[in-house]
Structures are given as C-alpha cells and as structure tokens.
Amino acid sequence: MPELPEVETVARYLRETVVGETISAVVIADSRFADLEEAHELVGRRVVRVGRRGKYLSLELDDDWVLQLHMMMAGQILVRPKGHAEDRFLRLHFDLSGDIEVRFCDSRRFGRAHQLEAGAYREFLKSLGPEPLANSFTTRRLLEALASRKVALKSALLNQQLIAGVGNIYADEASWRARLHPLTPAGSLSDAEAGRLHRGIRQVLRDGIASRGTTFSQYRSAEGEKGEYQSQLRVFQRTGEKCFRCPGTIQRIVVGGRSTHFCPRCQPVSRVDGS
Ligand SMILES: [Zn+2]
C-alpha cells in the first residue's frame, strides 16, 4: 500500500504539473469506484494547490472545492499527456487544460476519490494524527501520541489517528532503526527509546521520499515509474535473511493481522513477556 513517501512522491509531481490548470472534464470509467455525485461541480475549476496529509492526496480547487484521493492498496495516480496510450485498470480520469490528464487506475478497486467542500475537508484533516515530517512533530509529540496506549508498538504506528502516513513497510523499518521490538507496549517507551523511534520514523520516511517510494508490485509514481526504496529495506520482507546490524536473522510475525518483520537479536523483547 502506498504510504507517506509514495503519496508525497505523487504529490510532488502533481504540484509541478497540474497547479494552475483547469479541469475540463471528469470521466468516471467505473461508477462503483468514485463517489463523485456532483462531478459536474468540478468542471471549470482551477487547481490552486496540491496537498498531502498522511496517505491522502488533495487537489484543492478554486471556489472551495477539494478533490481528495486515496490510493489505498493498489491505486496509481498518473499524469499523462492527452492521447497517451491507455493505462490498465483505469477507473477515473480528470482532463485538464494544458492537454494533460490525471488518471486514477486501480487493479484492486479499493482506492477512493471524493469531492468535499473545503470546510468539510479541514474538519476531516483534524481526525488525522500529526505529520511525522513536520517541524512540530517532536519526540515529545510522539511520546504524547503513544502515552497510555497498551497496544503493540507496531499497531500504534499504523494507527492514522496517532501518526499520519506510516504504514506496514515504514513501521517495520522505523522500529528496526530504533532497535524496538514490534510488540513493545506503545505507551511504555522511555524518553531515550522514543527519541530513537522519532529519528527512525523521520529517517525512513525521508529516505523513502528521496528514493521516490517503495515498489513491490503496484506502486508507481505519477510519471509511471517504480520507486527504488525497496533496495534499501533493512527488515521488511527479509524473513530468514541476515540482519544488517548484528548476527541475528530477520523473523516474521503477525501483529494485528499485519505481517511484521524484525530482528529478535537487536530488537529484543524487553517488557513484551513481562521479562
Ligand atoms: Zn539484528
């Protein structure tokens, strides 16, 4: 699933290509996919800004409309010149002035496109946790987000109400960098552990953006390119391989229904079994 670095990579390209352009048509190729009952309201609107919050992408339009896009499991948001060869699993496209199209393709159909009024959109954003790359996201903020949470650290990191944008891949990578076992009770971190986790989260997200995201199968940038961060992963989907940091071997467990990868030797089980 695209996480913060993948969505940010798409957002950056959209900022270069669609800001200032006007929507000339909204074409829904799969009516079960998009919740755009008033799509006609979008036609003639200009893209004022491209936003990203957590894993949500938004095209902010003039006249206070917002088009919110979420790639979910397998969505691809592609910017194509008009007349470009067909893309597979096309569900929806927006035609823009400047002879470009924004195409939303999705083999799994879990992606979402919503149109919202700006006020409702701002309300929605309040339901998300802090942006982990914002200057205001400090170790103290992280400790506050996790305070009194008894759930496993892995589950807390995936909770978008606690921290926005971290998903399965970057949660495992950040925990490895912080030397924290994924089953550590989230609310039990010491200041030092939270400091390591804070650095780990920001480092993996920044590195992920620098590599234009992680591609295992579906994810593509808005230019249709694969990401490259998969070559830098330290634990995710490395089950049975040697740890990059110690003589340990990467293990896989399931936490909250999600595949979780860690090194049992350098991410020890302190506090997990009462030990
Ligand atoms: Zn290790």
Side-chain angles (χ1 to χ4, degrees), residues 1-6 8 55 129 132-133 137-143 145-147 149-160 162-217 219 226-275:
M1 178 194 274
E3 304 179 28
L4 189 155
E6 290 75 41
E8 178 62 22
K55 303 174 194 173
L133 292 179
F137 184 72
T138 58
T139 299
R140 181 59 43 197
R141 268 318 281 285
L142 176 62
L143 271 170
L146 301 178
R149 300 274 162 180
K150 294 191 174 70
V151 296
L153 176 62
K154 172 67 182 269
S155 300
L157 290 173
L158 297 185
N159 182 338
Q160 302 299 297
L162 299 184
I163 304 165
V166 177
N168 214 31
I169 297 174
Y170 296 92
D172 285 3
E173 293 296 308
S175 300
W176 181 82
R177 279 164 176 76
R179 300 175 185 246
L180 290 170
H181 193 287
L183 291 176
T184 307
S188 73
L189 298 192
S190 66
D191 287 1
E193 289 169 332
R196 298 204 305 267
L197 182 62
H198 178 261
R199 279 195 301 280
I201 291 170
R202 286 163 70 108
Q203 186 190 341
V204 296
L205 295 176
R206 284 200 181 110
D207 291 351
I209 293 170
S211 298
R212 306 167 58 74
T214 302
T215 297
F216 283 110
S217 56
Y219 168 72
K226 291 182 181 180
E228 290 174 351
Y229 193 61
Q230 57 278 12
S231 65
Q232 295 179 50
L233 297 173
R234 292 296 184 256
V235 281
F236 192 78
Q237 291 198 356
R238 294 192 64 248
T239 311
E241 294 181 45
K242 282 274 161 265
C243 180
F244 276 96
R245 185 166 54 204
C246 81
T249 302
I250 305 307
Q251 270 188 19
R252 175 186 177 276
I253 55 173
V254 176
V255 181
R258 305 297 299 276
S259 268
T260 297
H261 310 79
F262 70 105
C263 172
R265 184 156 169 164
C266 62
Q267 294 171 262
V269 251
S270 64
R271 299 194 297 277
V272 173
D273 304 313
S275 58

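None of the values given here were measured: they were computed from a predicted structure. Counting convention: from 1, in listed order, for ligands and their atoms alike.
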TODO: Given ring-ring contact (aromatic ring centres under 6.0 Å, His included), test Y229 with F236 step by step and report yes or no.
DONE: CA-CA 11 Å; Y229 193 61; F236 192 78; over 10 Å; no
TODO: Under the side chain to side chain contact (heavy atoms under 4.5 Å, CB included) rule, what do R238 and R234 come out as? Steps first, then yes or no, please.
DONE: CA-CA 7 Å; R238 294 192 64 248; R234 292 296 184 256; 5.6 Å; no
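Each protein N/O/S atom under 2.8 Å from the Zn ion (ligand 1) was counted, for a total of 4.
With hydrogens and angles disregarded, a donor-acceptor distance shorter than 3.5 Å links the side chain of T184 to the backbone of H181. Judged purely by atom type and a 3.5 angstrom limit, K154 has no side-chain atom pairing as donor or acceptor with the backbone of H261.
In this structure R177 satisfies the salt bridge (charged side-chain N to carboxylate O under 4.0 Å, His left out) test together with E173, sequence neighbours excluded.
For the pair T239/Q251, no side-chain contact is recorded, criterion being any heavy-atom separation below 4.5 Å from C-beta on.
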